[in-house]
Amino acid sequence: WLLSLLEEEKWSKRLIVAINFPANLKVDVKSEIKKYRDRGVHFLKIHPAMDGASPDSESYTLQLEAAADLGMSVILHPCCL
């Protein structure tokens, strides 16, 4: 339901939404990221500590490349305290 708020004018300029795809998610990353971008998501968030993955995971490379191709910004969140 959060993404539906982006369709409402009063929220579309106020919400800054990021999406996180876990490193082990088996999907076509670029098409999935594009779906969310087309719905108003502004950022891709990469969070290896939350995913339990290595920061140099090939999955993150694919995600970064997809975000760059789609003109999206990326938030890197490398650890949790």
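Everything numeric in this text was worked out from a predicted model, so none of it was measured. What's counted below: heavy atoms across the whole structure, side chains too, no hydrogens, waters or symmetry copies.
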(request) Give the minimum heavy-atom separation between Ser54 and Pro48, together with the two atoms involved. (result) C-CB, 4.4 Å
(message) For a quick test of reading the model, state the closest non-hydrogen atom pair linking Pro55 to Tyr60 and the distance between them.
(response) O-CD1, 3.7 Å
Can you tell me how far apart [atom1] ([X]) and [atom2] ([Y]) are? Round to the nearest 0.5 Å.
X: Tyr36; Y: Leu70; atom1: OH; atom2: CG; result: 14.5 Å
X: Leu64; Y: Leu76; atom1: CG; atom2: CG; result: 6.5 Å
X: Ile75; Y: His47; atom1: CD1; atom2: NE2; result: 10.5 Å
X: Ile19; Y: Lys45; atom1: CD1; atom2: NZ; result: 11.0 Å

(message) Under 4.5 Å between side-chain heavy atoms, counting indirect links through other Ile/Leu/Val/Met/Phe/Trp/Tyr residues: same cluster for Ile46 and Ile16 or not?
(response) no
(request) Could you check if a side-chain atom of Leu25 sits within less than 4.5 angstrom of a side-chain atom of Asp51, using non-hydrogen atoms only? (result) no
(request) Taking the side chain as every heavy atom from C-beta outward, state whether Gln63 and Val74 have any atom pair closer than 4.5 Å. (result) no
